[in-house]
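Just the heavy atoms: all of them, side chains too, but no hydrogens, waters or symmetry mates, feed the values below. Proteins get letters first, then strands, A, B, ... in listed order; numbering begins at 1 in each.
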Amino acid sequence: MGRKLDPTKEKRGPGRKARKQKGAETELVRFLPAGISAGAVQTAGKKGPQSLFNAPRGKKRPAPGSDEEEEEEDSEEDGMVNHGDLWGSEDDADTVDDYGADSNSEDEEEGEALLPIERAARKQKAREAAAGIQWSEEETEDEEEEKEVTPESGPPKVEEADGGLQINVDEEPFVLPPAGEMEQDAQAPDLQRVHKRIQDIVGILRDFGAQREEGRSRSEYLNRLKKDLAIYYSYGDFLLGKLMDLFPLSELVEFLEANEVPRPVTLRTNTLKTRRRDLAQALINRGVNLDPLGKWSKTGLVVYDSSVPIGATPEYLAGHYMLQGASSMLPVMALAPQEHERILDMCCAPGGKTSYMAQLMKNTGVILANDANAERLKSVVGNLHRLGVTNTIISHYDGRQFPKVVGGFDRVLLDAPCSGTGVISKDPAVKTNKDEKDILRCAHLQKELLLSAIDSVNATSKTGGYLVYCTCSITVEENEWVVDYALKKRNVRLVPTGLDFGQEGFTRFRERRFHPSLRSTRRFYPHTHNMDGFFIAKFKKFSNSIPQSQTGNSETATPTNVDLPQVIPKSENSSQPAKKAKGAAKTKQQLQKQQHPKKASFQKLNGISKGADSELSTVPSVTKTQASSSFQDSSQPAGKAEGIREPKVTGKLKQRSPKLQSSKKVAFLRQNAPPKGTDTQTPAVLSPSKTQATLKPKDHHQPLGRAKGVEKQQLPEQPFEKAAFQKQNDTPKGPQPPTVSPIRSSRPPPAKRKKSQSRGNSQLLLS
Amino acid sequence: MRPLTEEETRVMFEKIAKYEKIMKLAANISGDKLVSLGTCFGKFTKTHKFRLHVTALDYLAPYAKYKVWIKPGAEQSFLYGNHVLKSGLGRITENTSQYQGVVVYSMADIPLGFGVAAKSTQDCRKVDPMAIVVFHQADIGEYVRHEETLT
């Protein structure tokens, strides 16, 4: 430790030690020439994931001067060129994190006569200023034009300024360069100037009313900012525009900064072979510095640094763990595969999520791991063998070929190929090589894959019926839009992912509006969660039928038996309460409830009611009659009474006639027989009932009672009709609010509306 | 390559039988698209000899009758595909005969691979430190070194 206090020993070289020993700074201050800035960031021991941030920055330090101008925001490096030997000693007292070091790099030149603690305080204030608090003060003080920022101009002013308030070197208010100058940013932009300008503009835009320069519009500032950001962080225009839409300005800068730095290395314990505790111990013995990943993960570990290559330890080779990003663990946790299930992983390479699922399932059940890229499949095979996963079949199909190849899975995981805007820190090329076409192409592919994935799920699975869709992208086109598309096209709904952190997905974005359930999806960002950008959505499939959308907006469901069970219980439930003396209203409500899923039913009700009235009972309003009339109409194309709608109704009903006739027969029988009559079905009944219908108007009272009784019994039949209509008309997406209640028996239902609707519906049916 | 012992053969077929259910499901997938199923134990050569892969290690290791433990320093060397020298030998099962198939472990009881004993246990005691005591056959380092040939 003597070295630390030795003032005469100069800190030389790029090594970490040279930078680390801050104790010597206090002595060295005496030896420092004016203008030396302490830009280096220390990596004092393990500070958690931040040390990983620091590491890359620290590595940049050793090269004084030249390249630092390009990469580092620390302008002092200029000064440091002259004192290359001593650069290492400039270490600021600011060792906390790199982000602080970036913001007001210009400050550091003032550090000449300050103690490290004062410098730290200044940096702190600088940071606060960057948050906009003190920028405004700065900006309003001077009227001068923006000058060239020189390292030396700063210190004197700053030191004069109220002790401790100021941070910012340049005190002149930011003035937007004249329009002409805006365009010619070309040759060798001074990055420090650009950076400062970025901060200035962000500060101004934060408080635009007060700080704007007269005569310059907001969009001018935004344009300038966009250009500067593109220059400074090396982004293409398109992507930067997208990011500006997604994030508010302060977050945008944080996001861009976070993309410059890699995320911490994380790994996942393979519980098939070892426990996290044992693995952590073994790795620590090898010289790896790690910690548990967080409360939300029972198998994750984060690696701060390691003296051995973490991807080549004997534990790794023995399959005790897998290197996996933290955000990649989340979709599997959301999917929650159970033992003995059949899972499909549509885009599995390189196999991290597949193996996680296998370990959650304890090697039971079957996983079908598929990927369209043969090269990457080799890594899947290698990883799965290494990790001891035995319940997996690996296949090489285009994901869109499912479920033709094989379907009926309990759960499906779709980690769709995407534009990669969430993992820019891993692949900086994304900054520039993505444009509108790429995003749309990705979105199109994702939609196709998602539909295939949905079709591969078995909705009637006892334990499953779930699908998780995830991407490592943050654009709305690839995430919310795709999910919304699937909600419209298939019988699925979104369910909570089970992840209690993360940002909710958007329900609206610029001009688009998405389904409100999108709030249950989750977004993750590098700058807020310190993991790769990610999006996760969990679907539940509630019906195996595929809706076929027609020309209109309504969707008709193809007939399957799946629908029937759904409908019948409803009717049964509703029929019970119907057993009341004066349950007319109630029965009507029940009927309405039962017929809610069917759009056409309302019109039919009204149309039918009239028909029913004429045919069946005197009570025009009683819903039973409506119901019964609906049945009757199909078999009896009688245009009785308000038969305007009836032909149409009957047209519709005719298609269902086989079913309905039987149910109608029952209805008729019930009408004739006392409640709880037998369900014998004879065609002969039809005619008597018809005659009865004509007679019924005379017998108001009795049929009323009977009608009710009949009605109650007819209710169970309605589901059949409903089901039939459902199949034709609507996807069973839950009860729809009742339209005009047919309860108002005495009044004719609003003819016009229903008429048009019924016409529309009938057209749908017939088309 | 070495012939399987009887025990190993039995073990292998037992394990294979467990894959029946998975195999039936895999039958749906056409041959050219099926990349891998279950665990690959090894491959048959053109002359119909069976070459055991390191991927079979998990299954065979628990049943190994003859084991060799190597010192931590020699681990890396073995994982790179080198033979085991006497200087790296930690422990060896008693009564190992020469050219017996063995499973190589680290001192932490992690199976590292397969080998063939170059010397019997008795001879191992007598031989000089630079002599080879276990011939390398397969090791888990191949997961990283030979990823392409694993399947």
Please report the closest heavy-atom contact between [X] and [Y], naming both atoms and the distance.
X	Y	value
B:Gly141	A:Leu317	CA-CD1, 3.8 Å
B:Ile110	A:Ala318	CG2-CB, 3.3 Å
B:Leu79	A:Pro314	CD1-CG, 4.0 Å

(message) For the CZ atom on A:Arg275, are there more than 12 heavy atoms of other groups (residues, nucleotides or ligands in this structure) within a distance under 6.0 Å?
(response)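 Result for CZ/A:Arg275: open.
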Crowding at NZ, A:Lys362 (>12 non-hydrogen neighbours, <6.0 Å): no
When the 4.5 angstrom heavy-atom criterion is applied to A:Ser379 and chain B, the contacting part is both
